[in-house]
Protein chains: 2
Amino acid sequence: MIDVKTLCLGVLSRGDASGYEIRKEFEEGPFSNFSDAGFGSIYPALRKLLEDGMISIAQHGTDARPDKKVYRITAAGRQVLCQAVLRHPAPDRLRSDFMFMILFSHLMPARHLERILTDRIEDYERLIEDMERRESCDAAHSPPGEKFVHGLGLAMHRAAAAYLEEHRHQLLEGIRVQTKVAE
Amino acid sequence: MIDVKTLCLGVLSRGDASGYEIRKEFEEGPFSNFSDAGFGSIYPALRKLLEDGMISIAQHGTDARPDKKVYRITAAGRQVLCQAVLRHPAPDRLRSDFMFMILFSHLMPARHLERILTDRIEDYERLIEDMERRESCDAAHSPPGEKFVHGLGLAMHRAAAAYLEEHRHQLLEGIRVQTKVAE
DNA sequence: CTCTACATGTAATAAGTTACATGATTGC
DNA sequence: GCAATCATGTAACTTATTACATGTAGAG
């Protein structure tokens with residue numbers, strides 16, 4: 001499975017960036033579809049990559065931000081990234097508290113279940129809107145791989161949102177009946 | 001985020017099980033939609049849960065398998081599970097090597113890209129078939145939460161599979177053009 | 001003047017993975 | 001007889017998370 005070091009290498013292969021900017025990519029950019037990492041994993045990863053000669057410091061500090069460090073991928077780093085990309089991809093892994101909780105929705109008050117369903121639908125709607133906005137923004141000049149990943153993520157989120165909307169009443173009803181039977 | 005201990009508690013709330021059986025749930029059952037854990041995390045989790053009185057040993061060894069231990073959730077364990085279910089769910093997290101690699105498909109030979117796309121589509125088709133088989137098998141007698149999670153997972157996988165099939169040629173063509181321009 | 005965004009990093013902790021180590025049973 | 005499945009567990013390692021610790025710049 002791809003680790004944070006390789007993820008950072010991936011971001012830097014698209015252009016120089018600081019640790020902070022790399023994190024933004026994980027949060028908002030195309031990388032957000034399949035990864036996330038906080039500062040606590042990015043900074044140590046960058047230190048390691050620097051030690052190993054996979055990246056270099058392109059710029060250290062500006063007038064405004066003396067601490068800022070802009071990293072640049074090296075030839076060695078590019079090679080390592082190419083190798084990583086050629087490996088057979090491990091299966092996708094989804095971690096979802098939401099699904100876990102739904103599985104045990106019979107253990108919660110109906111109000112809470114309604115709440116988490118509504119919240120989740122709203123979350124998806126916001127996310128989809130954001131993605132659609134970005135899509136129309138930079139569709140033309142983004143590379144094919146990026147468009148593909150963006151579209152795939154969007155398709156999955158749309159499917160999830162549609163399913164939630166179409167089946168929430170069925171779930172609520174199912175729970176209601178089950179509760180009545182238990183009485 | 002839900003940890004392996006809570007996941008185990010969730011499985012055991014549905015019935016007694018051994019470590020080995022719990023893992024099967026993570027691999028094949030409804031839990032496979034949103035989690036996975038190997039023996040290396042399940043056994044230590046069970047030990048901890050036992051120490052804390054969240055589970056007990058319902059049966060230790062059979063004629064055939066003297067080592068087998070069947071665990072049972074305790075009242076305390078059930079309480080802890082109920083509390084966990086009431087917390088606000090953390091956002092879902094997807095880790096996908098596949099998407100990472102597609103993002104860098106311009107760094108790989110066209111043959112390799114075709115290969116991972118074909119493989120992935122096949123993987124999805126197999127997975128969807130399996131899920132459909134299980135759906136028709138135990139649709140009637142499975143609780144509403146389980147049906148919902150199953151349906152949601154299926155909807156997402158179908159959307160992904162459909163997207164891959166519909167857009168793979170577009171990606172391949174895009175990469176081809178990009179490579180030509182670079183020459 | 002206050003809030004948000006920018007900016008970096010460490011230390012302690014928690015968690016999870018991999019490799020190791022072993023062995024019986026069942027079906028083919 | 002062989003492969004797959006059942007069955008458990010530990011130790012070493014790698015990884016990632018959380019909390020801590022600090023401070024500037026720009027917008028309103």
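Quick note on labels: first sequence line is chain A, next is B, and so on, each numbered from 1. Bear in mind the structure is a predicted one, so any value in this text is a computation, not a measurement.
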Under a 4.0 Å heavy-atom cut-off, which of residues 5-37 of chain B touch DNA chain D?
-> B:S18, B:G19, B:Y20, B:K24
Taking only side-chain nitrogens and oxygens of B:R93, does any of them come within less than 4.0 Å of OP1 or OP2 of D:dA16?
-> no
For the side chain of [X], starting at C-beta, report the closest nucleotide among [options].
X     : options                : value
A:Y71 : C:dT10, D:dT15, C:dG9  : C:dG9
B:R95 : D:dA16, D:dT17, C:dA15 : D:dA16
B:S41 : D:dT8, D:dA25, C:dT17  : C:dT17

With a distance cut-off below 6.0 Å to the six-membered ring centre and an angular limit of 45° from the axis, does B:R95 pair with A:F34 as a cation-pi contact?
-> no
Nearest-angstrom distance from the residue atom [atom1] of [X] to [atom2] of [N]:
X     : N      : atom1 : atom2 : answer
A:K69 : C:dA7  : NZ    : C1'   : 11 Å
A:K68 : D:dT24 : NZ    : P     : 17 Å
A:H60 : C:dA7  : NE2   : P     : 13 Å
B:K48 : C:dG16 : NZ    : C1'   : 14 Å
A:D3  : C:dG16 : CG    : P     : 18 Å
A:R47 : D:dA16 : CZ    : P     : 14 Å

Of B:M1 and B:R65, the one whose closest DNA chain D nucleotide lies more 5' = B:R65
To the nearest 0.5 Å, tell me how far [X] [atom1] sits from [Y] [atom2].
X      : Y      : atom1 : atom2 : answer
A:T74  : A:M54  : OG1   : CE    : 6.0 Å
B:R126 : B:H157 : CZ    : NE2   : 13.5 Å
B:E125 : B:I128 : CD    : CD1   : 7.0 Å

Indicate yes or no: does A:R115 engage A:D119 in a salt bridge with an N to O separation below 4.0 Å.
-> yes
For the pair B:R168 and B:E173, find out whether any cationic side-chain nitrogen is under 4.0 Å from an anionic carboxylate oxygen.
-> no
Select from A:Y43 and B:F39 the residue whose nearest nucleotide in DNA chain C is closer to the 5' end of that strand.
-> A:Y43
